[in-house]
Amino acid sequence: MKRFKERRVLVTGASRGLGRDIALRFACEGAEVFVGYRNRRDEAEDCAAGCASLGAEATPIALDLEDAAALRASIAGLPDLDVLVNNAAIIRDQFFLLQPDADDAQVIATNLNGTMASIRAALPGMIRRRGGVVINIASVAGLHGSPGQASYSASKGGVIALTRTLARELAGRGIRINAVAPGIFDTGMAQRMDHRAREARLQSLPMGRAGRSEELAGVVAFLASDDASYITGQTLVVDGGLTA
């Protein structure tokens, strides 16, 4: 079923990893997809080509989440969006006392401030049409302690709080905002973890394996669809039981 036929979807950080598979899932379900990227234009074009092979219109769009003004201008230049998926993020793992201030600032600027700026840019069109959906990709690190990831955890915790607040603020305007908190997946940031830490976490998983990227994409598509029309302000944890 083409749940997103004639709907426009922007996925930030879609040139690779989880973002790429989220973009492909929306393409598979009939959406026109805007493939957000920062530096990897060739990979974004490859993702767009993959979307096109599924019969969808797809366009790469350069976005710098650390430059709020430029980000707003880029998104404002798009047709009105039906769905915004804030997936782009960075991570700088380090013991808190050794983490440079600049690294902390960059993580917060990209993961939290960039998410806020993206939403602020997409909202005018959604408000005009009294409808729209925002899905913020958070992390289990924003819900539970994650040693060595202080700035990342703080940024994702902020995204979760932002989701709750904006959901209440915008529900009366027909806009739904939810978050998804992934655990360890077979692609994306988890692949760049220290292999010893990753293996230790995998061994602690009740389901005994990392998640597959298409499993996360399916959850995002559900929350963005009319099947979830009465869900807003929630954070759906997708982690194989890691935080159960």
Side-chain angles (χ1 to χ4, degrees), residues 11-20 22 36-44 61-75 84-121 135-166 179-202 204 210-211 213 216 235 237-239 242-243:
V11 182
T12 69
S15 61
R16 62 177 180 165
L18 295 173
R20 174 188 173 89
I22 291 169
Y37 71 96
R38 182 174 183 179
N39 297 316
R40 298 178 175 84
R41 181 172 180 84
D42 56 338
E43 294 181 358
I61 174 172
L63 301 172
D64 183 355
L65 270 68
E66 291 187 63
D67 186 335
L71 180 63
R72 287 195 295 269
S74 296
I75 295 177
L84 168 64
V85 181
N86 286 306
N87 169 74
I90 62 172
I91 191 167
R92 299 287 185 268
D93 286 356
Q94 181 58 273
F95 181 62
F96 180 65
L97 284 177
L98 301 179
Q99 181 90 311
D101 291 343
D103 283 1
D104 287 337
Q106 187 180 28
V107 170
I108 298 296
T110 300
N111 300 359
L112 179 56
N113 297 346
T115 294
M116 294 175 71
S118 296
I119 296 171
R120 191 171 281 122
I135 308 295
N136 296 322
I137 306 302
S139 170
V140 293
L143 293 166
H144 299 269
S146 185
Q149 295 186 325
S151 56
Y152 180 75
S153 297
S155 71
K156 292 302 187 177
V159 166
I160 290 168
L162 175 69
T163 298
R164 292 173 178 159
T165 296
L166 292 185
V180 176
I184 300 174
F185 275 77
D186 59 5
T187 188
M189 289 183 177
Q191 294 301 303
R192 298 190 288 278
M193 289 174 61
D194 177 86
H195 73 278
R196 292 164 298 184
R198 185 173 185 275
E199 287 304 313
R201 291 195 184 184
L202 285 175
S204 71
S213 57
L216 186 74
T235 298
V237 177
V238 187
D239 69 354
L242 176 66
T243 58

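- Among all heavy-atom pairs drawn from Gly19 and Val11, the shortest one is O-CG1, 3.8 Å.
- Rounded to the nearest 0.5 Å, atoms OG (Ser118) and CG (Leu71) are 4.0 Å apart.
- Of the possible donor and acceptor atoms, one in the side chain of Thr12 sits under 3.5 Å from a partner among the backbone N and O of Ala88.
- Judged by distance alone, with hydrogens and angles left aside, the side-chain atoms of Asp186 form a donor-acceptor pair with the main-chain N or O of Ser213 at under 3.5 Å.
- Using a 4.5 Å heavy-atom cutoff, the side chains of Gln94 and Asp103 are not in contact.
- For Ala121, the side chain to side chain contact (heavy atoms under 4.5 Å, CB included) partners at least two apart in sequence or on another chain are Arg72, Ile75.
- A side-chain contact (heavy atoms from CB on, under 4.5 Å) with Thr163 holds for exactly one of Ile160, Val159, Leu166; it is Val159.
- To the nearest 0.5 Å, the span separating OG on Ser74 from CG on Asp64 amounts to 8.5 Å.
- If you take CG on Leu112 and CG on Leu162, they are separated by 6.5 Å, rounding to the nearest 0.5 Å.
- Between Asn87 and Gly13, the shortest heavy-atom contact is ND2-O, 2.9 Å.
- Side chains of Gln99 and Arg92: no donor on one and acceptor on the other come within 3.5 Å.
- Lys156 places a side-chain N or O within 3.5 Å of a backbone atom of Ile137 that can act as its donor or acceptor partner.
- Within the 3.5 Å criterion, the main-chain N or O of Tyr152 finds no donor-acceptor partner in the side chain of Asn111.
- Note that CD1 of Ile91 and OG of Ser155 are 8.5 Å apart. Values are rounded to the nearest 0.5 Å.
- Heavy atoms only, all atoms of each residue included: Ala44 and Ser15 are closest at N-CB, 3.7 Å.
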When you look at Leu84 and Ile135, which way does the side chain to side chain contact (heavy atoms under 4.5 Å, CB included) test go after all the steps? CA-CA 6 Å; Leu84 168 64; Ile135 308 295; over 6 Å; no
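- With rounding to the nearest 0.5 angstrom, the CG atom of Leu216 is 4.5 Å from the CZ atom of Phe185.
- Counting only distance, with no hydrogens or angles, the side chain of Ser153 and the backbone of Ala150 share no donor-acceptor pair below 3.5 Å.
- With values rounded to the nearest 0.5 angstrom, Arg38 atom CZ is found 4.5 Å from Glu66 atom CD.
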Are Asn136 and Ile119 close enough, and set up right, to give a side chain to side chain contact (heavy atoms under 4.5 Å, CB included), and what steps lead you there? CA-CA 10 Å; Asn136 296 322; Ile119 296 171; 3.8 Å; yes
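- Taking every heavy atom of both residues into account, Thr187 and Gly17 meet most closely at OG1-CA, 3.4 Å.
- For the 3.5 Å distance criterion, the side chains of Thr115 and Asn86 fail to qualify, holding no donor opposite an acceptor.
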